[in-house]
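Chain letters run A, B, ... following the sequence lines, proteins first and then strands; every chain starts at 1. Since we're looking at a predicted model, the values are computed, not measured.
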Protein chains: 2
Amino acid sequence: MMTKPLVNSLPDCPVETTVLLLGSKWNILILRDLLQGPLRFTELQRSIGSISQKVLTSKLREMEERGIIHRQIFPEVPPRVEYSLTELGLTLKPIIDSMYQWGEWYKNQISYSTDPSFPR
Amino acid sequence: MMTKPLVNSLPDCPVETTVLLLGSKWNILILRDLLQGPLRFTELQRSIGSISQKVLTSKLREMEERGIIHRQIFPEVPPRVEYSLTELGLTLKPIIDSMYQWGEWYKNQISYSTDPSFPR
DNA sequence: CAGCATCCAGTCGGATACTG
DNA sequence: CAGTATCCGACTGGATGCTG
């Protein structure tokens, strides 16, 4: 299951390690979408919403190298490629979940506090 | 407690909202360190380890604007400034915790799998 | 469809010098 | 100590055109 590590020597701090492996905001959004199940390239691009083809490709390659996602090629015409999470990728679910929960809570706070009928 | 929102309209997706508010890797490391208690500017810079003064300043201002951290100035000579988490900042703890746990687990996996005596 | 190659603007972030 | 100001190189990421 485990492929090559991110760098030769990981940071001492576990949080820093995680941040390093997660990478950018794009990687997190890809992760979020693939947690719902496998997706094709174009589907992923659409579900993320605003990512360019070039960036999506490079982030997918990066995550594949790190053993987070799996790339399945179906030799058809037209070509079909499906991306899915590896076992390792799935282990990141709790992090995405905690982000989801916080984001939901935060958005509620915001909408309450900007609601004119918000109690004082 | 709640200050001005990050943007006028937050993304629909809670995960994306969280990612946006967290910002960069630097913000996360600042958060990690301030979860241990208030720190002065130089202490923070040292505990993060490799951040330049310019970046640290800008990230602190950004997080202050978003209501995540509090900046306390003590009118002394030499000047003293302490940074701490706000109530809102503290609510992010579960996210950092989940990152910590995952990172720790991951580092263990790596070290086992590269250990020559790793059982087959 | 799922890319790769190229160009190019904008941002990030380090280094350095200076200040209340 | 805790910054601000400036310069500048490196990286990020969008747009466009082409391909198996």
To the nearest Å, how far apart are [X] [atom1] and [N] [atom2]?
X     : N      : atom1 : atom2 : answer
A/I69 : C/dA2  : CD1   : P     : 14 Å
B/Q45 : C/dG14 : CD    : P     : 10 Å
A/W26 : C/dT11 : CH2   : P     : 15 Å
B/I51 : C/dG13 : CD1   : P     : 8 Å
A/F41 : C/dC1  : CZ    : P     : 11 Å
B/F74 : D/dC1  : CZ    : C1'   : 14 Å
A/E82 : C/dC1  : CD    : C1'   : 13 Å
B/E43 : D/dA2  : CD    : P     : 8 Å

If you only use heavy atoms from C-beta on, which nucleotide in [options] is closest to the side chain of [X]?
X     : options               : value
B/P79 : C/dG20, D/dT4, D/dG20 : C/dG20
A/R61 : D/dG3, C/dG13, C/dG3  : C/dG3
B/T57 : C/dG3, D/dT4, D/dG14  : D/dT4
A/Q53 : D/dT4, C/dG13, C/dA5  : C/dA5

Do A/E76 and C/dC1 share a donor-acceptor pair, side chain to base, under 3.5 Å? no
Using modelled atom types only, decide if a donor and an acceptor are shared between the side chain of B/K59 and the backbone of B/I28 within a distance under 3.5 Å. no
Mark yes or no for whether B/T86, through its side chain, and B/G67, through its backbone, hold a donor-acceptor pair below 3.5 Å.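 Present.
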Answer yes or no: does a side-chain N or O of [X] lie under 4.0 Å from OP1 or OP2 of [N]?
X     : N      : value
A/R40 : C/dA2  : yes
B/S52 : C/dG13 : no
A/Y83 : C/dG3  : yes
B/R71 : D/dG3  : yes
B/K54 : C/dT16 : no

Scan B/K25 against the nucleic acid and name what it touches under 4.0 Å (heavy atoms): base, sugar-phosphate only, or nothing. nothing
Hey, is CZ on B/R61 packed in by over 12 heavy atoms from elsewhere, all under 6.0 Å?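 Yes, enclosed.
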Could you verify whether a donor N or O on one side chain and an acceptor N or O on the other, from B/T57 and B/Q53, lie under 3.5 Å apart?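 Their side chains do contain a donor-acceptor pair, which is all the 3.5 Å distance test asks for.
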Are the side chains of A/L22 and A/N27 in contact, using a 4.5 Å heavy-atom criterion?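 Result no, sub-4.5 Å side-chain heavy-atom pair not found.
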